[in-house]
Each structure stands twice: as C-alpha cells, then as structure tokens.
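Before any comments, here is the structure.
Ligands are counted one by one from 1 in listed order, and the atoms in each one are counted from 1 as well.
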Amino acid sequence: MKNILVIGSTGQIGSELTMELRRRYGNSQVIAGYVTGAEPKGELKESGPSAIVDVTDCDAIESTVNKYHIDAIYNLAALLSVVAESKPALAWKVGIDGLWNVLEVARKCKCAVFTPSSIGSFGTETPHVKTPQDTIQRPHTMYGVTKVTTELLSDYYHMKYGVDTRSVRFPGIISNVTPPGGGTTDYAVDIYYAAVKGETFVCPLREGTLMDMMYMPDALNAAISLMEVDPSHLKHRNSFNITAMSFSPEVIYATIKKYVPDFRMVYEVDSLKQSIADSWPDCLDDTCAREEWGWSPKYDLDTMTVDMLEKLKAKFNK
Ligand code: SER
C-alpha cells in the first residue's frame, strides 16, 4: 500500500483509521474520502488531502483513484444495523451498489480493497457459541444481507478478476473519538459517555445479552495488518472472524462501576435492538485469523475501560 483512499473517512471507524494510516504511511499518502454534509474537520482535515467521494458515484471514485495514484481502498461506507432496518433501500444502495462501484474501479485500476463485514452477517440459525469461521450465514436484517453480499461479491472479484480483496467481520467497535450511529452494539459506547457525564445509563438490551466487542486500536490494527500480510498466507479472504472480548450489559456495567462507583444503569429494552442482538453470535471463534495472519488483540474489557474513561474524562474536562 503506497497511496490509500479511505471512503467514509469521517465515520466512527474511518476518522481514526485515516489518522492511523497517515501515521504509518505518511500524511500525503492517505486521502480522506467524504460525502457532502460529512466534511472532515480538525486534525483529519488539516493533516492530509481529502476529496468528495460518494461511494454511489463510480466516476468520482475512479477520478480520485487516478488523480492520487491510489493502490489500496478502505471502503467503510455503510449504514449500521438499526438504521438499515428503517432505510433498507439506502442500506443496499450504499452497501452493495457502492461496493460494486469500488470493486469495478479496483478491477480497472488494480487496487487492493478492504470492505468490512460484521457479526451482523450471522443469523439465528448460526451456532452462537464459538461461532466457526465457515458456518451458516442467513441473517434476518438488511444490514446482515448487505454484509453477506459484501463477502460474496468481494470473494467473487478476487476469484474472477484477481482483485486483492480482504476483510474482517468486525464485532461492536468501542471508541472515544467519533460516535457510532444506529448500531445494535452502540450501547457499549454510550454507556461510557453516560458514566463520565454522571448520567444514569438507560440500557436498551436485556441482561445476559452477549455480543463480541473490540476496542478501536485493535480494530485499526486488524484492518491494517490484514491488508499488509503476504497473501500466500491467506486461505480465507472475505471475511475473517475477529474478536477481542464478549460481554453482556451487566458485565460492562460492573466493570465501569469499579472505577465510577456512583454510576447507575437501568434497563428499558428496545425490541428491535434486542431482536437483532439475539440473532447475532455470543462469541466468535477467530482461530483462522490468528493462524493465517497473526491476529491478536491487545485490549480486554478491563484495560479498555480504564483507557475509555481516561480519554472521555479529558474530552469532557471531568
Ligand atoms: N456495530 C454494528 C451494529 O451494531 C455491528 O457490526 O450495527
């Protein structure tokens, strides 16, 4: 990877991935692609080039790729699970028509492509405990449908045209820079903001609801390490199970309470979020990622909690 385009650079993952790629490859080598209305700001804007790249506009992707001699695209444009249920046509347009555009440009211009999949690519029929790498993927959400299609289409472009497509199935990503929007796992981010602001957290999921999660630094490292590995090591491509931890609301609450003893949480279950969470795995088996490209997370729930609380306290002057 010499010149990199990040599509969706102002989103939850994109904003931090763009900065991490700039640290590793050089500021001018990494182009922050964004859509009108979600312009880069602050350090993201100042530290390197940016370009309007709407994933649904094939010509805009191609002209940016040609202008900056791009050889790797991180395609992060997507609607998250809850919002995709209320806007299924848009979720398909951005997630799949957009991916088609990215893959076509990559085929013509010889770019490598990373497009994340998710724990949302699994469904109720999937084994929920130690979910295997290769297993049943019959999701009941539009988000899941787009993610399974992402995996299939990315593998197809690799098999048929030799495009270097690679991907991971991200669990819920916890971060303190850009908030996520409209996901089922967002509660595990929101709970830290409530704890630091001294608010009671209203948990939208039932006690006992297990889902895989990961702290942002590990997620960034996963995306970059996978794209850097010698492809001869890869038996799989789209997509690898990865996880760092699995917890339920009462467990993250108890962990935060160790550091914020006055913190309170109450339950007010959101039926849509609960049904989505119930259809997803409790914990993934990520052995293939560990064996094929050396995946290994650094943060567990406790070390992540310490770091999240410290960063958010600094952010809100608490
Ligand atoms: N974080 C996503 C969501 O909750 C899942 O990958 O929609």
> Less than 4.0 Å between a side-chain N and a carboxylate O, is that true for Lys313 and Glu310?
Replying inline: no
Check ligand 1 against the protein and report each N/O to N/O distance under 3.5 Å, formatted as atom name, atom name, distance.
| unit_1 | atom_1 | unit_2 | atom_2 | d |
| --- | --- | --- | --- | --- |
| ligand 1 | 1 (N) | Thr185 | OG1 | 2.8 |
| ligand 1 | 4 (O) | Thr184 | N | 2.6 |
| ligand 1 | 4 (O) | Thr185 | N | 3.0 |
| ligand 1 | 4 (O) | Thr185 | OG1 | 3.2 |
| ligand 1 | 6 (O) | Ser118 | OG | 2.7 |
| ligand 1 | 6 (O) | Tyr143 | OH | 3.1 |
| ligand 1 | 7 (O) | Ser81 | N | 3.0 |
| ligand 1 | 7 (O) | Ser81 | OG | 2.6 |

Result block: side-chain N/O donor-acceptor pairs under 3.5 angstrom for residues 78-87, not counting sequence neighbours:
| unit_1 | atom_1 | unit_2 | atom_2 | d |
| --- | --- | --- | --- | --- |
| Ser81 | OG | Thr184 | N | 3.2 |
| Ser81 | OG | Thr184 | OG1 | 2.7 |
| Glu85 | OE2 | Met142 | N | 2.7 |
| Ser86 | OG | Val83 | O | 3.0 |

>> I'd like to know if the side chain of Glu104 pairs up with that of Tyr157 as donor and acceptor (distance under 3.5 Å, no hydrogens or angles considered).
In response: yes
> Gln274 and Thr209: side-chain donor and acceptor closer than 3.5 Å?
Replying inline: yes
>> One thing to verify: whether Lys273 and Asp186 come together as a salt bridge, which I'm taking to mean a side-chain N less than 4.0 angstrom from a carboxylate O.
In response: no
> So with a 6.0 Å cut-off around CZ of Arg24, is the heavy-atom count from everything else above 12?
Replying inline: yes
